[in-house]
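Heads up: the structure comes next, in structure tokens.
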Amino acid sequence: MDNLFVIENITFAYPGRPACLEDVSFTVQPGERLALLGANGSGKSTLLHLLDGLYFPAAGSITALGTTLTESALERPPFGPHFRKEVGFLFQQSDAQLFCAGVEEELAFAPLQLRWPKEEIRARIDETLARLEIAHLRDRAPQTLSAGEQKRVALASLLIVNPSVLLLDEPTAGLDPRSQSILLELLESLHADGMTLITATHDLTLVPHLADRALVMSEDHHLVADAP
């Protein structure tokens with residue numbers, strides 16, 4: 001089976017700061033569930049940003065979907081649009097990625113950028129709202145929703161284009177137990193359908209529900225364990 005991601009000896013530092021990832025290497029196969037573990041500041045979130053092509057390593061390389069992930073590669077079709085459709089990123093703070101006036105507009109945004117037909121967009125909105133059990137929020141403003149509702153709307157805005165990979169940064173942070181349970185059941189359902197899930201979390205009690213394999217980052221920003 002071809003690897004979905006190949007991360008080879010990557011190092012990354014924010015401008016003017018010490019490296020927050022050093023010489024990190026691993027691979028991800030389609031359909032895997034990975035947890036990124038480690039103390040706050042160990043580089044988990046930064047690693048997700050790199051896998052999403054939001055930042056790029058200072059050294060080493062990331063290959064995604066068979067192509068080296070670079071800024072220039074993401075700017076060119078067909079790879080750029082294909083990567084953005086296939087890889088979705090759920091931020092820790094949902095309000096960071098909710099910027100439209102209403103929930104329906106939020107879900108329509110990505111399909112409109114991909115130039116989908118309006119009839120298909122309407123059908124996918126209906127289907128996605130139903131799957132996440134948030135059809136009753138369709139006409140609400142995202143800013144008026146609870147944290148759990150915002151998280152599901154943010155996830156819906158990713159799922160509407162049917163990605164094959166989800167990158168999740170502390171997905172249960174700030175959620176009450178019921179909202180956590182709803183989200184975990186949904187993620188299990190997505191994985192059962194073949195989706196690859198890569199989750200950064202510090203909550204070890206949730207790891208068995210989120211992943212089958214764990215990567216552990218040390219406080220000196222190295223990958224120190226990769227195991228079931």
Please check: side-chain N/O of [X] versus main-chain N/O of [Y], any donor-acceptor pairing under 3.5 Å?
X: R140; Y: T144; answer: yes
X: R213; Y: A227; answer: no
X: S181; Y: P177; answer: no
X: H191; Y: T196; answer: no
X: S94; Y: A154; answer: no
X: T67; Y: A64; answer: no

Under the criterion salt bridge (Lys or Arg N to Asp or Glu O under 4.0 Å), which of E104, E105, E149 is the partner of R138?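 That would be E104; it is the only one of E104, E105, E149 passing the salt bridge (Lys or Arg N to Asp or Glu O under 4.0 Å) with R138.
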For the ring pair [X] and [Y], is the centre-to-centre distance below 6.0 Å?
X: Y14; Y: Y55; answer: yes
X: F12; Y: H221; answer: no
X: F99; Y: F109; answer: yes

Heavy atoms of other groups near [X] [atom1], more than 12 under 6.0 Å:
X: H202; atom1: NE2; value: no
X: E133; atom1: CD; value: no
X: E71; atom1: CD; value: no

Might you work through the side-chain contact (heavy atoms from CB on, under 4.5 Å) test for L47 and F26, ending with a clear yes or no? CA-CA 12 Å; L47 186 51; F26 61 95; 3.8 Å; yes
Closest heavy-atom contact between [X] and [Y]?
X: F5; Y: V165; value: CE1-CG1, 4.1 Å
X: L98; Y: V153; value: CD2-CG1, 3.9 Å
X: A108; Y: I125; value: CB-CD1, 3.9 Å
X: I182; Y: R152; value: CG2-CD, 3.9 Å
X: P208; Y: L204; value: CD-O, 3.6 Å
X: S25; Y: L223; value: O-CD2, 3.2 Å

To the closest 0.5 Å, what do you measure between [atom1] ([X]) and [atom2] ([Y])?
X: S146; Y: D176; atom1: OG; atom2: CG; value: 7.5 Å
X: L54; Y: F89; atom1: CG; atom2: CZ; value: 6.5 Å
X: S42; Y: E219; atom1: OG; atom2: CD; value: 7.5 Å
X: Q97; Y: Q92; atom1: CD; atom2: CD; value: 11.5 Å
X: L50; Y: L21; atom1: CG; atom2: CG; value: 6.0 Å
X: K151; Y: T172; atom1: NZ; atom2: OG1; value: 7.5 Å

Within the 4.5 Å heavy-atom criterion, are [X] and [Y] side-chain neighbours or not?
X: L183; Y: P171; result: yes
X: V103; Y: D139; result: no
X: E170; Y: L175; result: no
X: L187; Y: L197; result: yes
X: L132; Y: L155; result: yes
X: T11; Y: P57; result: no

Run through D212, L166, T199, L210 and flag the one making a side-chain contact (heavy atoms from CB on, under 4.5 Å) with R33.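 Of all the options given, the one that passes is D212.
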Consider side-chain contact (heavy atoms from CB on, under 4.5 Å). Of T46, V24, V224, which one does M217 pass it with?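 Only match with M217 under side-chain contact (heavy atoms from CB on, under 4.5 Å): V24.
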Starting from [Y], can I reach [X] by hopping between I/L/V/M/F/W/Y residues whose side chains sit under 4.5 Å apart?
X: I198; Y: V161; answer: no
X: F79; Y: L167; answer: yes
X: L186; Y: L158; answer: yes
X: V87; Y: L107; answer: no
X: F91; Y: F83; answer: yes

Please lay out, stage by stage, how S164 and E86 fare under the test side-chain hydrogen bond (donor to acceptor under 3.5 Å, both in side chains). CA-CA 5 Å; S164 59; E86 292 299 321; 2.7 Å; yes
Verdict with supporting geometry, V6 and I62, side-chain contact (heavy atoms from CB on, under 4.5 Å): CA-CA 6 Å; V6 179; I62 298 175; over 6 Å; no
Verify side-chain contact (heavy atoms from CB on, under 4.5 Å) between V28 and L34, making sure each step is shown before the conclusion. CA-CA 8 Å; V28 182; L34 257 64; 3.8 Å; yes
Test side-chain contact (heavy atoms from CB on, under 4.5 Å) on R131 and L190 and set out the steps. CA-CA 11 Å; R131 179 168 192 180; L190 293 171; 3.7 Å; yes
Under 4.0 Å between a Lys/Arg side-chain N and an Asp/Glu carboxylate O for D52 and R84?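 A salt bridge is present here (some side-chain N lies under 4.0 Å from a carboxylate O).
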No-hydrogen, no-angle side-chain donor-acceptor test under 3.5 Å, E106 and S157: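 The answer is no; no qualifying pair exists.
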Where do T201 and D203 land on the side-chain hydrogen bond (donor to acceptor under 3.5 Å, both in side chains) test, with the steps shown first? CA-CA 6 Å; T201 183; D203 190 341; 5.7 Å; no
